[in-house]
Amino acid sequence: MSIMRNVLLAGSQNAWLRDHAVRYPFVRRSVSRFMPGEKLEDALRATAEQQRQGISTILTHLGENLTKMEEAEEVTRHYLGAFDLIAAQKLDAQISVKLTQLGLDLDKEKSFENLMTLIRKAESTGNFLWIDMEYSHYVDVTLEQFRRAREKTDKVGIAIQAYLRRTPKDMEALMPLAPAIRLVKGAYAEKEDVAFPKKSDVDEAFYQIATKFLAHESIQRGALLHIATHDPILIGRLREYITKQQVAGSAYEFAMLYGIQTGLQQRLVAEKQRVRVLVSYGEFWFPWYMRRLAERPANVWFVLKNLAG
Ligand code: FDA
């Protein structure tokens, strides 16, 4: 892992930096490249614009590791309202949540109740809920809550991180559920015995997990893979596999983040591929933004350029 990536990921956890950095206009200017605004209305406007371009959306209200259960209730109410607005405005937008945003650190059962409240709302509004994956110490409990929810309804999917050494085993255990999986590389600082430190190993793990998933018989039973990466080489390799193996278009979607590889997003749409872009919004963007910088340290120069602009 590069020194810059380590520094940025450590910074994402720093409370002093979080409280101070967000006040600087040049930081706020540079974050606007990755999010259309802090308010839900900004995100809904971006959703409508993406829809015009043939791109579907996933919305996420930024926030993680809450310290009071009332905040988790507030987040839950916020998302209930968001599901209503999406339905009223006939938008093609799903929602993605972090379990720590629903109170996981404070009360496991209560966070599961909040999760189920949102999934029931997704069901009643003809929508779908995704669960993000966070640090590796949350993987067991996140999988457990996903499994409990998935046994009740298929309107829920989960993010799985290819950089974790444990992931092939987790995937094997999930496949009988014919799950909806968002496969990502993984965005957190993890120890070498937990996650592959080398990018080439992560890329290969991603390819192996994705192809195994797409070849699995549970695809016939409705399993869905979100190929959530901006990596053009990996996307190219997977598209070759999909064409060669004649994988059904209903078995996968490409998923990316707002403001990243927009040219590639549009090219995929032009080539009749399904593309879903995750739009983040909210005031608590600091740790999330630091993870985006860590993914591509060249982004730090972009931040510095905004010092002048
Ligand atoms: P990689 O990092 O190899 O980048 C490939 C290329 O994409 C780069 O060369 C560059 O051109 C471009 N690129 C990538 N990141 C960029 C950035 N920040 N700025 C500018 N260009 C960039 N992680 C997690 O741990 N839990 C989760 O729940 C999620 N959820 C999630 C949803 C969706 C829809 C996506 C796309 C990603 C996530 N992630 C995530 C983040 C994921 O784990 C990973 O950190 C990022 O996607 C970056 O890795 P890539 O796969 O894009 O490849």
Side-chain angles (χ1 to χ4, degrees), residues 1-2 4-5 8-9 12 30-35 50 55-60 62-64 93-101 128-139 142-143 146 156-164 167 180-190 194-207 209-210 224-238 252-265 267-268 274-280 285 287-303:
M1 203 170 10
S2 79
M4 178 74 106
R5 181 163 187 260
L8 290 164
L9 288 176
S12 75
S30 57
V31 82
S32 68
R33 176 186 164 191
F34 296 110
M35 57 185 264
Q50 293 194 152
I55 294 175
S56 308
T57 297
I58 305 171
L59 293 173
T60 200
L62 295 171
E64 48 201 272
Q94 302 172 339
I95 284 179
S96 195
V97 294
K98 288 189 176 16
L99 292 185
T100 60
Q101 222 185 346
F128 191 88
L129 188 83
W130 288 97
I131 304 173
D132 286 357
M133 191 58 85
E134 304 177 64
Y135 283 99
S136 58
H137 56 268
Y138 291 116
V139 173
T142 307
L143 287 172
F146 167 70
V156 60
I158 186 169
I160 295 287
Q161 298 154 326
Y163 67 1
L164 294 182
T167 289
I181 298 288
R182 174 206 298 159
L183 185 60
V184 300
K185 288 191 187 173
Y188 297 85
E190 298 288 357
V194 171
F196 299 112
K198 267 173 60 191
K199 175 174 158 51
S200 54
D201 290 337
V202 180
D203 293 354
E204 192 51 30
F206 192 114
Y207 180 80
I209 296 161
L224 172 73
L225 185 68
H226 267 191
I227 302 171
T229 178
H230 314 92
D231 186 335
I233 296 173
L234 197 45
I235 290 175
R237 280 183 78 194
L238 284 169
Y252 68 95
E253 286 185 3
F254 290 100
M256 298 192 202
L257 302 177
Y258 181 88
I260 301 182
Q261 293 280 26
T262 48
L264 180 55
Q265 293 171 16
R267 272 202 302 286
L268 288 170
R274 294 196 297 169
V275 178
R276 207 170 262 284
V277 167
L278 189 145
V279 173
S280 300
W285 43 259
W288 164 86
Y289 180 52
M290 292 297 273
R291 290 197 292 275
R292 299 292 80 79
L293 294 184
E295 279 156 11
R296 193 163 182 255
N299 286 338
V300 174
W301 298 115
F302 176 76
V303 179

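Just follow the structure's listing: the first ligand is 1, and inside any ligand the first atom is 1.
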Gln261 and Ile235: CA distance, side-chain angles, deciding distance, side chain to side chain contact (heavy atoms under 4.5 Å, CB included) verdict: CA-CA 12 Å; Gln261 293 280 26; Ile235 290 175; over 6 Å; no
Would you please name every residue forming a side-chain contact (heavy atoms from CB on, under 4.5 Å) with Val194, sequence neighbours left out? Ser136, Leu164, Glu190, Lys191
Measure across Asp132 and Thr60 and return the closest heavy-atom pair with its distance rounded to 0.1 Å. OD2-OG1, 4.4 Å
Under-4.0 Å salt bridge between Arg237 and Glu204: yes
Close N/O pairs between ligand 1 and protein, under 3.5 Å:
unit_1   : atom_1 : unit_2 : atom_2 : d
ligand 1 : 3 (O)  : Lys185 : NZ     : 2.6
ligand 1 : 3 (O)  : Lys199 : NZ     : 2.6
ligand 1 : 7 (O)  : His230 : O      : 3.4
ligand 1 : 11 (O) : Gln261 : NE2    : 3.3
ligand 1 : 18 (N) : Arg292 : O      : 2.8
ligand 1 : 18 (N) : Glu295 : OE1    : 3.1
ligand 1 : 18 (N) : Asn299 : ND2    : 3.4
ligand 1 : 19 (N) : Asn299 : ND2    : 2.7
ligand 1 : 25 (O) : Gln161 : NE2    : 2.9
ligand 1 : 25 (O) : Ala187 : N      : 3.0
ligand 1 : 26 (N) : Met133 : O      : 2.8
ligand 1 : 28 (O) : Met133 : N      : 3.0
ligand 1 : 28 (O) : Arg182 : NH1    : 3.3
ligand 1 : 30 (N) : Arg182 : NH1    : 3.1
ligand 1 : 43 (O) : Gly186 : N      : 2.7
ligand 1 : 45 (O) : Glu295 : OE2    : 2.6
ligand 1 : 51 (O) : Thr229 : OG1    : 2.7
ligand 1 : 52 (O) : His230 : N      : 3.0
ligand 1 : 52 (O) : His230 : ND1    : 2.6
ligand 1 : 53 (O) : Lys185 : NZ     : 3.0

Check step by step if side chain to side chain contact (heavy atoms under 4.5 Å, CB included) holds for Glu134 and Thr142. CA-CA 9 Å; Glu134 304 177 64; Thr142 307; 5.7 Å; no
Would you call the rings of Tyr252 and Phe254 parallel, tilted or perpendicular if under 30° counts as parallel and over 60° as perpendicular? perpendicular
